[in-house]
2 protein chains.
Amino acid sequence: MDKNWDEWIQLIADEYGLNLKKDKETEKQKRILEAAIHIFSEKGFEGASTSAIAQRAQVAEATIFKHYRSKKGLLLHLVIPAISKVATPYILRPVLKILDQDRPMKELFQDLYENRIQLVEKNWKKVKIIVVESLFQPELREALQEHVARAIYKVMSERVEQWKEEGRIREDLPTHVIARSILSIGVGYLLAHNVFPDVLAPGERKEEIGWMAEVLLYGIAGPKEKEGHNNPL
Amino acid sequence: MDKNWDEWIQLIADEYGLNLKKDKETEKQKRILEAAIHIFSEKGFEGASTSAIAQRAQVAEATIFKHYRSKKGLLLHLVIPAISKVATPYILRPVLKILDQDRPMKELFQDLYENRIQLVEKNWKKVKIIVVESLFQPELREALQEHVARAIYKVMSERVEQWKEEGRIREDLPTHVIARSILSIGVGYLLAHNVFPDVLAPGERKEEIGWMAEVLLYGIAGPKEKEGHNNPL
DNA sequence: TAAAAAAGTAAGTGATCACTCACTTACATT
DNA sequence: AATGTAAGTGAGTGATCACTTACTTTTTTA
């Protein structure tokens, strides 16, 4: 969340007429945003038509353009505030609170996964829009990479290195590998449950999350395979 | 790859006029397919226009419709054969060959990741099209889930259960959790490298894959955390 | 080699797209 | 109560969309 981020947002805001302080939102504006989230996430940005959004929001099509200037302006009005929030203290605090507790790592990762999975699933439509659209709009992808991925990585790697010193995490693994592994296990769960349910995701959530933390910390190797392993113990 | 799959393909083939045996492909047909892969993967299905594809393929727009009937027919002509192949002996054999070797698990997973990551990266454009479009086209998603995800899961779970008996994999973890963990680590690498490069993916591939297998098998916990763990040894 | 079939295309088609314009309505300010 | 401003809209606009038709060229077949 450096200065470039704010500058970049201001550029986008000027170009697409975002009002960054959204205190004064009309009833109809709220309906438009809700409809846009629904239809963008269901059809994708290009597949969604402004007339369909207007119809769902029960407003005239012209009203959309009055407030958001263009279809892309409408998209960014949904996406930019959401992205901004992610690296924000408000969203990041629960993570820090969890990570900085002096408890067994397993409980800690369970809480972390529980917390972030809830957050993603509650905002699944927006997340889907952001992820898909970042595949096609380079500026969005760069913003996500530079300001969200980097911020998350920073928080994670700080903790990882501290844990290494305390002997709670293996010292022989590169920090970026550990950070990516933590994320991979979580993303894998989300993909399995939200994109291909029923196949890779049969269990209860609480229990599943327990297994995730278990695998992350102790791996899947059985006794036969562990014999030869250079255990740091 | 059961009977329903073949029936489903036949239905789609009839509706969209796919010729499932693509022995007789014209020079121009190849150019159209190449152009379609390029433009679909860059702009998405809805964002791609048939005129742009025709232009890139250096053919008249009508030629596309002569061969593929509709835009969606063109998409499915790319996507269905690719999906069909995945659960096919030709594509699956290398996996079985790797998994059924009597070698240390770590070497085995390294080879598995190496092999599959190469396959995905070589076909990255097609993979991107299939993944994104399956988010928006329910029939495509169901086909992927029913026939690819299930097939992969079957192969994986058979091996996992065998390994459990041999003591090479922990017996206390549910099979689906192990299968998903193996996939998650691989998918995490692919996402990091192909969607957000430069941030989570700084190392050499060979080395990275080594770390992936290491984490998968032995976890990230340090000596302090391992003390209390119910090690199956 | 003549006829049939397939490949290929130029020039359209109506439908739908994002977006604008001219205008009315609602509301806050003084 | 008058006035300025923002909210909201019906009826368009040209551009572009996927797709068709009527036709020519190339290849295959008998």
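Every chain is numbered from 1 and lettered A, B, ... according to where its sequence line falls, protein lines coming before strand lines.
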_Looking at Gly73(B), is its backbone amide N or carbonyl O close enough to the side chain of His77(B) to form a donor-acceptor pair, meaning the two atoms are under 3.5 Å apart?_
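Checked: no pair found.
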_Going by salt bridge (Lys or Arg N to Asp or Glu O under 4.0 Å), name the residues that satisfy it together with Arg159(B), two or more places apart in sequence or in a different chain._
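With neighbours one apart ignored, the set is Asp100(B).
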*Just by protein heavy atoms under 4.0 Å, how would nucleotides 7-24 of chain D read 5' to 3' in B, S and -?*
BBBB------SBBB----
*State whether the number of non-hydrogen atoms from other residues, nucleotides or ligands found under 6.0 Å of Lys43(B) atom NZ is greater than 12.*
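At most 12 heavy atoms, drawn from other residues, nucleotides or ligands, come within 6.0 Å of this atom.
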_Looking at Glu158(B), I'd like to know if its CD atom is crowded, meaning that more than 12 non-hydrogen atoms belonging to other residues, nucleotides or ligands lie closer than 6.0 Å._
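Check passes, neighbour count above 12.
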*Bend angle of the helix from dT1(C)-dA30(D) to dT30(C)-dA1(D), from helix axes over five pairs at each end, nearest 10°*: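 Nearest ten degrees gives 20° for this helix.
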*asked:* So, using side-chain contact (heavy atoms from CB on, under 4.5 Å) as the criterion, who are the partners of Ala57(B) when residues are at least two apart?
replied: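 By the side-chain contact (heavy atoms from CB on, under 4.5 Å) rule, Ala57(B) matches Arg31(B), Ile32(B), Ala35(B), Val59(B).
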*All side-chain contact (heavy atoms from CB on, under 4.5 Å) counterparts of Val95(A), not counting sequence neighbours*: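 Counting only residues at least two positions away or on another chain, Val95(A) forms a side-chain contact (heavy atoms from CB on, under 4.5 Å) with Leu99(A), Leu112(A), Arg116(A).
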*Who passes side chain to side chain donor-acceptor pair (under 3.5 Å) against Gln118(A), sequence neighbours left out?*
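In terms of side chain to side chain donor-acceptor pair (under 3.5 Å), with neighbours along the sequence ignored, Gln118(A) is linked to Glu114(A).
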